[in-house]
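Quick notes on the structure that follows.
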Amino acid sequence: MLDIKFIRENVDIVKDAIKNKNEKADLDKILIMDKKKRKLQFNYDNLRAEQNKVSKEIPELKKAKKDTSELISEMGIISKNIKKISNELSEISSELNSELLKIPNIPYPDVPIGKSEDDNKFIKEWGEKKEFSFKPLDHLELNENLHYLDFKRAAKISGSGFSAYVGNGAILERALINFMLDFHIQKHGYKEISLPVIVNRKSMIGTGQLPKLEEDMYLVEQDDFFLVPTAEVSITNFYADEILPYTILPQKFVSYSPCFRREAGSYGKDTKGLQRIHQFNKVEMVRFVQPEYSYETLEEMLMDAEEILQALGLHYRVLNLSTADLSFAAAKTYDIEIWAPGSKKYFEVSSISNFESFQARRASIRFRDVDDKVKYVHTLNGSGVATPRTFIALIENYQNKDGSINIPECLRSYLKGFKEQRILV
RNA sequence: GGAGAGGUGACCGAGCUGGUUGAAGGUGCGCGCCUGCUAAGCGUGUGUGGGGGUUAAACUUCACCGAGGGUUCGAAUCCCUCCCUCUCCGCCA
């Protein structure tokens, strides 16, 4: 959510943001409603002031044994008037509020303006595409030998777009999760946290998934609960409606959680195997920082995620998302894509974003600064990283001609129950 | 699912026979003083959000005692609905 004052004073900037992000918010309507609301507020305040004043006089007059019946009946009229205006006011307030929730965050100045994902800007890469002396297989072909995954039976249990990790596949995935968690905790100083993955509507609005993306979320209708599409929702709302002392900032949390996405409208697009599934596991980093540090924090978090991939020895590239790809709530986002030689393409495994005060405003996460002023924190989050596509790249990059795979050094200590495959030194 | 208790400021906690209570008292925190360290003591200050106003302040006004309605000239205080927390019982991992 943007500050209404900011919107009033920067109409063009907000309009550009709406246009460049392809949103539909009606800014002119909002400005009219805002004006109307303030006018009502003014009338309401004045009437209330009158009412408060007289209400204080009445007991004194009564004490002095004076007749108040006429005054009281006069106030009855004012009271009715106040009620009427108050109703109008709350109606327009909630209307205005729900419109404000549809205004996206403003892109940061160095975010490229674009029309499609092709306009994302290449920032850097690490490593290089691995060369093979044989034709590398993709993860599904490899799976015919490895039997790490079982999509048929997953579909039997739940439907299409669900996965099952079996035996060593399950062990390998768990190793990835544990490795990433420990890495962030020990090397980067994150605090681990484990939160509900079923959340209320308020939380989903707080981080900006709602109202825009309701169709993409799993809803538990009976209780109006949602399954989180990312741990970001739970972690960011951890501090909702609080005023934090500045001394506890910055806060760095890391959490592993399943993520649930309906992926409505994306059927048939990049859905092969583990590429796009309705439920997957992810290690997520979230930070709460003072505003002046949020952009250096973004760079730090990018490094945090990069180091995971470096440790895994996976070639990747980093993109600065253009306005076309930038999410509703983000001001700036880096995507990290890793190379999968069998599939012959890059897979997005991490999005690292600065939301500035956008989420903080929605979820009301504030802090008392050194100067004693109450301010909104800046929130950031990034995958560190998602497991399915990392799993794809891992087995495709480390495959041998005989269909077996090697295991990178950093995962070895996590693979005690893992037999039969070769270990890479 | 059944029974009960409760939700007040950064925190604890009064008020809840309706009207100087935006809210006592305490803790914490800020500032000043005092005490040669540590600790203690004394004084003083310390809510959030909106509107009006100002170059900015000052100033002024309204709202907010879980949320939303209602009663009333007037509600933290009375009534209704909902949400949440805690305790006990039941059920179950």
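Computed from a prediction, not measured in an experiment: that's the story for all the values here. Throughout, a chain's letter reflects where its sequence line sits, starting with A, and its residues are numbered from 1.
- Using a 4.0 Å heavy-atom criterion, one finds that R201(A) contacts no nucleic acid atom at all.
- Looking at D45(A), its side chain has no donor and acceptor atom pair within 3.5 Å of the base of G52(B).
- R287(A) pairs with exactly one of T236(A), D304(A), N381(A) by the side-chain hydrogen bond (donor to acceptor under 3.5 Å, both in side chains) rule, that one being D304(A).
- For the C1' atoms, the distance linking C82(B) with C29(B) amounts to 37 Å, nearest Å.
- Taking a pair to require two hydrogen-bonding distances under 3.5 Å in either a Watson-Crick or a G-U wobble arrangement, C88(B) pairs with G2(B).
- Closest contact between the side chain of S55(A) and the listed nucleotides U72(B), U48(B), C73(B) involves C73(B).
- Across all strands shown, C78(B) pairs with G70(B); the Watson-Crick or G-U wobble distances both stay below 3.5 Å.
- Across all strands shown, C31(B) pairs with G43(B); the Watson-Crick or G-U wobble distances both stay below 3.5 Å.
- Using atom P as the reference point in both C65(B) and A24(B), the two lie 15 Å apart (nearest Å).
- Of all nucleotides present, none satisfies the Watson-Crick or G-U wobble test against C65(B) with each distance under 3.5 Å.
- For the pair K375(A) NZ and G47(B) P, the computed distance is 17 Å after rounding to whole Å.
- D369(A) has its CG atom 13 Å from the P atom of U48(B), to the nearest Å.
- Following rounding to the nearest Å, R48(A) (CZ) and U60(B) (C1') show an atom-to-atom distance of 17 Å.
- C62(B) and G74(B) are spaced 16 Å apart, taking the C1' atom of each and rounding to whole Å.
- In terms of position on RNA chain B, the residue among N87(A) and K56(A) whose nearest nucleotide sits closer to the 5' end is K56(A).
- A centroid separation of less than 6.0 Å is found between the aromatic rings of F391(A) and Y165(A).
- Counting only heavy atoms from C-beta on, S90(A) has its side chain closest to G69(B) among G51(B), G69(B), U71(B).
- Between H188(A) and H184(A), the ring-plane angle classifies as tilted under the 30° and 60° cut-offs.
- Distance K39(A) NZ to C62(B) P: 21 Å, rounded to the nearest Å.
- As the counterpart of A56(B), no nucleotide is assigned, since no Watson-Crick or G-U wobble pattern has both distances under 3.5 Å.
- Dashed line: the shortest gap from a side-chain N or O of K36(A) to OP1 or OP2 of G51(B) is not under 4.0 Å.
- A salt bridge does not link K202(A) with D224(A): every distance from a Lys NZ or Arg NE/NH1/NH2 to an Asp or Glu carboxylate oxygen is 4.0 Å or more.
- Minimum atom distance to the side chain of Q51(A) is reached by C73(B), of the listed C62(B), C73(B), G52(B).
- The base-pairing partner of A14(B), taking Watson-Crick or G-U wobble contacts with both distances under 3.5 Å, does not exist among the strands shown.
- Distances shown here put a side-chain N or O of S79(A) below 4.0 Å from the OP1 or OP2 atom of G74(B).
- Judged by Watson-Crick or G-U wobble contacts below 3.5 Å, the nucleotide G9(B) has no partner.
- A sub-4.0 Å separation between OP1 or OP2 of G51(B) and a side-chain N or O of N46(A) is absent.
- Look at the C1' atom in both G47(B) and G22(B): the space between them is 8 Å, to the nearest Å.
- Taking atom OH of Y44(A) as the reference point, atom C1' of C64(B) lies 11 Å away to the nearest angstrom.
- Comparing A63(B), U48(B), U72(B) by their closest approach to the side chain of R368(A) singles out U48(B).
- Between G68(B) and G28(B), the two P atoms lie 34 Å apart (nearest whole Å).
- A ring-centre distance under 6.0 Å is found for Y108(A) and Y295(A).
- The distance from atom CG of D224(A) to atom P of C82(B) is 16 Å, rounded to the nearest whole Å.
- Distance, D3(A) CG to G49(B) P: 11 Å, rounded to whole Å.
- Between A76(B) and U71(B), the two P atoms lie 16 Å apart (nearest whole Å).
- Closest-nucleotide positions on RNA chain B for K373(A) and K83(A) were compared, and the one nearer the 5' end corresponds to K373(A).
- Using P as the reference atom, G52(B) and A57(B) are 13 Å apart when rounded to the nearest Å.
- Under the 30°/60° scheme for interplanar angles, the aromatic rings of F162(A) and H278(A) are found to be tilted.
- Put simply, NZ on K37(A) is 10 Å from C1' on G49(B), counting in whole angstrom units.
- Contact annotation for K202(A): no contact, since no heavy-atom pair falls under 4.0 Å across all strands.
- For R366(A), counting side-chain heavy atoms from C-beta on, the closest listed nucleotide (C62(B), G51(B), U48(B)) is U48(B).
- Contact record, K375(A) with D369(A): NZ-OD2, 2.6 Å, taken as the closest heavy-atom pair.
- Using a 4.0 Å heavy-atom distance criterion, K62(A) is classed as a base contact.
- The shortest distance between the side-chain N/O atoms of R38(A) and the OP1/OP2 oxygens of G53(B) is not below 4.0 Å.
- Atom CD1 of I185(A) sits in a crowded spot, with more than 12 heavy atoms from other residues, nucleotides or ligands closer than 6.0 Å.
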